[in-house]
Amino acid sequence: SISIEDAAIVLSSKSGTGLTIQKGIVISKDRYLQTSIPLIKTDEGSPVFDKNGELIDQSVITFFKGPNSFTGQDVIEIYSHGAPAVVNAIFEYLKTFGARLANRGEFSQRAFYNSKMDLTDVDGLAALLDAQTDMQRKTALKSMMGGDGKIYNTWRSKMIEIAAYSAAILDYDEDDLPQNITDKILNKTKDLLSELQSTISSWRGSRALRNGFNIVLIGETNVGKSSIFNALIGQERSIVSNVAGTTRDAIDTPVTREGQKFVFIDTAGMRRKGKIDEPIERYSVMRSLRAVDRSDVVLMVFDAVEGVTEQDKKIAGYAHEAGKGVILVVNKWDLYEKDNTSTLRYTEMLRKELVFMQYAPVVYVSAVTKQRIHRLPEVIKYVAEQNAMRISTSILNQVIEDATAINPPPSDKGVRLKIKYVTQVKIKPPTFVFFVNEPEIMHFSYQRYMENKLRESFGFEGTPIQIIVRGKQDEE
């Protein structure tokens, strides 16, 4: 257990991050330390002596009076030269006065105990200390400065209001209650749930900013996945060869582009089953499929000259069924004989061959000349955001209501399909549940119409959409 009354010492610079000329030693100080270390004062170039009076270092020492310090207690900071021998000597000197090394996260815990921070602030601080990119820094700083806490307080106020209305229904006669009080409770509850869903979705996006997007490159052998991989990361991590199937394992490499962290995963090329002879290659294909499962976005790589093969369709189908964001990357575009309409005609061919993947954007690149390689991180980030998008229930149902007004639901044997309401239950991929009166009347063609309306209204470019139809019994 941690006592907030005893003195603790910790290095203020996080070990192993950045280059520092000086390291500060921070001492959370109570009355005992205040009276036992008379040498401590605020000054420039203050000498620090050991217990024998020998000079340890010429340091800068500052004092922060509680409760206006980080922890809410009296705090002393000693800024010494960062040599390990200097730091260790000062540590040993302070320990003779009863000070001890702080436990992991103890200063934040003391700040929490003294109401200087709430749990969201602590979480934001931890994220800030781990930030490796500018975008991670901004996200963490927003949380640390109370952004999440304000959201919690807003939710709390709304919950209290809903509870008060509910209690009034139980405690008062109907004639004494405001009109439409039940509708108010339902509407306020729906709005709150919508806010919760939207915020949770944005937090998942923040987690992706913190951890980075996992991007896997898949495709047949010798389509140039490893060359694109090396071009993206800016160095040669994957072996590039004209011999098909050179890469045998999934290779993970973190890269930062414009403040965003990406983890690129190169995989083994996937031959047709009949051509997989070696057990090690069969294992490599399994590893590639598992890499797809843990990815956020899939770069489906094609050879521009070879076009779309049956194996390409199977590989793309696996990514589609897994619900991943997908980008179609046509490599070796520099080798393709082109005219003014080549890009348009090639895109039309891709749409025809991959009819189940109309939503995927197409990028034409050359790993050799680096043509359009620089565009991929921007498109990746966009597709990852689309795959993790969440729509509020109220806005979603308004879109569905407008869609049914334009194209009324089908009927069967005198019974017309009625869509009661729709809600999004999942992201990655975006998944929507339609609650209807008669699920069997919800024909596939009308589901496709609804999917098109969702894409028309919200985008969802690069991501599959799942629609689940539920009846009255499922609703209950």
Side-chain angles (χ1 to χ4, degrees), residues 133 135-136 139 201-219 223 225 228-229 231-233 252-267 288 291-302 308 312 315-331 333 343 346-347 350-351 354-365 367 372-391 424 426-432 451-452 454-466:
T133 69
M135 196 167 296
Q136 290 173 339
T139 303
S201 177
S202 67
W203 281 340
R204 285 172 176 154
S206 297
R207 192 180 302 129
L209 289 177
R210 186 180 303 177
N211 300 330
F213 297 115
N214 287 337
I215 315 302
V216 64
L217 290 84
I218 61 173
V223 295
K225 297 185 303 300
I228 294 175
F229 175 83
L232 283 168
I233 68 173
D252 293 24
T253 304
V255 176
T256 299
R257 291 284 182 269
E258 297 182 2
Q260 172 64 57
K261 182 179 178 181
F262 300 90
V263 179
F264 290 105
I265 309 168
D266 190 18
T267 63
S288 298
V292 172
D293 292 336
R294 63 186 174 92
S295 70
D296 296 301
V297 175
V298 171
L299 299 185
M300 179 67 210
V301 184
F302 303 90
V308 180
D312 285 330
I315 298 170
Y318 185 88
H320 172 78
E321 292 298 327
K324 304 301 179 179
V326 178
I327 301 170
L328 306 180
V329 181
V330 181
N331 191 27
W333 193 239
T343 302
Y346 206 100
T347 301
L350 286 174
R351 300 302 184 205
L354 303 173
V355 67
F356 56 89
M357 205 171 269
Q358 301 293 308
Y359 54 81
V362 184
V363 182
Y364 295 89
V365 305
R372 299 190 188 89
I373 292 289
H374 68 280
R375 283 200 58 218
L376 286 176
E378 179 185 352
V379 180
I380 288 167
K381 182 183 175 184
Y382 174 71
V383 169
E385 291 171 346
Q386 295 287 297
N387 187 241
M389 186 190 301
R390 185 178 291 276
I391 309 301
Q424 185 176 357
K426 184 185 172 186
I427 59 174
K428 296 185 178 183
T431 303
F432 302 90
E451 178 181 336
N452 291 337
L454 290 172
R455 293 188 183 279
E456 182 182 306
S457 300
F458 305 112
F460 293 119
E461 187 176 2
T463 179
I465 291 176
Q466 292 183 357

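Keep in mind it's a predicted model, so treat the numbers as computed, not measured.
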Novice: Tell me, with the steps shown, if L454 and I391 meet side-chain contact (heavy atoms from CB on, under 4.5 Å).
Specialist: CA-CA 10 Å; L454 290 172; I391 309 301; over 6 Å; no
Novice: Measuring only between side-chain heavy atoms, which start at C-beta, is K324 closer than 4.5 Å to I218?
Specialist: no
Novice: Got R372 and V379 here, is their nearest side-chain heavy-atom distance under 4.5 Å?
Specialist: no
Novice: Is N331 close to V223 at the side-chain level, that is, under 4.5 Å between some pair of heavy atoms?
Specialist: no
Novice: At what distance, to the nearest 0.5 angstrom, does CD1 of I327 lie from CE of M300?
Specialist: 13.0 Å
Novice: Does the plane of the ring in W333 sit parallel, tilted or perpendicular to the ring in Y364? Use 30° and 60° as the thresholds.
Specialist: tilted
Novice: Considering all heavy atoms of both residues, which atom of H320 and which atom of M357 are nearest to each other, and what is their separation?
Specialist: CB-CE, 3.7 Å
Novice: Can you check whether V297 reaches F213 side chain to side chain, under 4.5 Å on heavy atoms?
Specialist: no
Novice: For P377, enumerate each residue passing the side chain to side chain contact (heavy atoms under 4.5 Å, CB included) test, keeping only those at least two apart in sequence or located in another chain.
Specialist: L232, R257, F262
Novice: Knowing that exactly one of V362, V308, V329 qualifies, which makes a side-chain contact (heavy atoms from CB on, under 4.5 Å) with F302?
Specialist: V308
Novice: Could you check whether any side-chain heavy atom of R294 comes within less than 4.5 Å of a side-chain heavy atom of V216, counting everything from C-beta outward?
Specialist: no
Novice: How long is the span from the CG atom in D296 to the NZ atom in K428, to the nearest 0.5 Å?
Specialist: 4.5 Å
Novice: If you compare all heavy atoms of G462 against all heavy atoms of P361, which two are closest, and at what distance to 0.1 Å?
Specialist: CA-CD, 3.6 Å
Novice: List the residues meeting side-chain hydrogen bond (donor to acceptor under 3.5 Å, both in side chains) with S295, not counting sequence neighbours, and say none if there are none.
Specialist: none
Novice: Can you find a pair of side-chain heavy atoms, one from N452 and one from E456, that are under 4.5 Å apart?
Specialist: no
Novice: Evaluate whether atom CZ of R375 has more than 12 neighbouring non-hydrogen atoms of other residues, nucleotides or ligands under 6.0 angstrom away.
Specialist: no
Novice: Which pair of heavy atoms, one from I315 and one from G219, lies closest together, and at what distance?
Specialist: CD1-C, 3.8 Å
Novice: So, taking the atom named CG in L376 and the one named CD1 in I228, what distance separates them when rounded to the nearest 0.5 Å?
Specialist: 7.0 Å
Novice: Can you tell me how far apart OG1 (T463) and CD1 (I465) are? Round to the nearest 0.5 Å.
Specialist: 7.0 Å
Novice: Using atom types as modelled and distance alone, determine if a side-chain donor or acceptor of N387 lies under 3.5 Å from a backbone N or O of G323.
Specialist: yes
Novice: Considering all heavy atoms of both residues, which atom of G325 and which atom of V383 are nearest to each other, and what is their separation?
Specialist: CA-CG1, 3.7 Å
Novice: Roughly how far, to the nearest 0.5 Å, is CD of E321 from CZ of F356?
Specialist: 8.5 Å
Novice: Using the rule side-chain contact (heavy atoms from CB on, under 4.5 Å), only one of I380, V363, I265 pairs with L299; which is it?
Specialist: I380
Novice: Return the NZ to CG distance between K261 and N214, rounded to the nearest 0.5 Å.
Specialist: 9.0 Å
Novice: So, does Q386 use its side chain to make a donor-acceptor pair with the main chain of E461 at under 3.5 Å?
Specialist: yes
